[in-house]
Amino acid sequence: MSGVDTEAAGDSSTPKKKNHNKYRRPKPWDVDGTDHWNCDKPWVSNEEGGEDTLPGGRLLEESSFATLFPKYREKYLRESWPLVTRSLDKVKISCELNLVEGSMTVRTTRKTSD
């Protein structure tokens with residue numbers, strides 16, 4: 001598996017190199033000047049008006065899910081929960097940590113957008 005073929009019925013001293021790009025076709029995004037790491041947002045949220053320019057608009061229904069966690073994870077979750085809450089608040093998703101039941105609940109709100 002050295003990536004080199006030798007001809008069976010010929011000079012064995014001159015190896016033939018494999019063509020790994022045989023089926024490689026140029027892609028439209030493989031041009032010089034394309035910034036592949038540029039991440040422009042296709043939508044802009046307008047916090048003052050409450051409207052966004054996203055084609056889907058707001059969510060039609062509110063949804064939630066809950067999951068239980070083991071007792072040994074309680075300390076870790078208690079320490080990291082403020083960071084989780086801040087991150088989800090930015091996208092208008094509410095979350096709740098119930099240490100008595102050992103559950104986490106995440107809910108979409110009316111202000112959550114697609």
Side-chain angles (χ1 to χ4, degrees):
M1 299 289 171
S2 65
V4 176
D5 283 340
T6 57
E7 295 182 51
D11 187 20
S12 62
S13 65
T14 58
K16 183 180 173 185
K17 191 173 183 176
K18 286 188 175 181
N19 185 7
H20 292 286
N21 293 325
K22 181 178 179 180
Y23 298 105
R24 170 92 167 86
R25 301 284 186 255
K27 307 291 189 294
W29 53 85
D30 284 343
V31 294
D32 292 336
T34 302
D35 185 11
H36 295 287
W37 296 102
N38 187 9
C39 184
D40 292 332
K41 291 185 178 180
W43 55 273
V44 178
S45 179
N46 184 0
E47 296 297 328
E48 295 84 28
E51 294 294 323
D52 56 7
T53 59
L54 192 65
R58 303 274 181 221
L59 296 178
L60 295 176
E61 296 181 14
E62 294 182 8
S63 62
S64 68
F65 74 92
T67 184
L68 300 176
F69 58 88
K71 188 71 173 172
Y72 68 89
R73 285 288 185 190
E74 183 177 325
K75 181 183 176 196
Y76 169 73
L77 287 170
R78 190 181 302 149
E79 291 172 357
S80 62
W81 198 252
L83 178 63
V84 171
T85 304
R86 280 193 302 268
S87 298
L88 290 176
D89 281 343
K90 290 178 185 176
V91 290
K92 310 255 187 316
I93 295 178
S94 67
C95 58
E96 175 183 320
L97 179 66
N98 190 335
L99 297 174
V100 175
E101 293 179 3
S103 69
M104 297 180 287
T105 306
V106 179
R107 290 186 184 89
T108 59
T109 62
R110 292 218 177 256
K111 293 183 178 183
T112 306
S113 61
D114 280 340

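The basis for the numbers below is simple: all heavy atoms, side chains too, and nothing from hydrogens, waters or symmetry mates.
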Pairwise side-chain contact, [X] with [Y], heavy-atom cut-off 4.5 Å (strictly under):
X: Arg86; Y: Asp89; answer: no
X: Trp81; Y: Leu99; answer: no
X: Phe65; Y: Thr105; answer: no

Item to check | side chain to side chain contact (heavy atoms under 4.5 Å, CB included) partners for Asn98, two or more places apart | outcome: Val100, Glu101, Ser103
Checklist outcome for this item: NZ of Lys75 to CD of Glu79, rounded to nearest 0.5 Å, is 5.5 Å
Item to check | Arg73 to Tyr76, cation-pi by 6.0 Å centre distance and 45° axis angle | outcome: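 Verdict for Tyr76: a cation-pi partner in Arg73.
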Item to check | Heavy-atom closest contact (Met104 atom, Leu97 atom, distance) | outcome: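 Scanning both residues completely, I find the closest heavy atoms to be CG-CD1, 3.6 Å.
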Checklist entry - Just by distance, do the side chain of Thr109 and the backbone of Ile93 share a donor-acceptor pair under 3.5 Å? => result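 No, Thr109 side chain to Ile93 backbone: no donor-acceptor pair under 3.5 Å.
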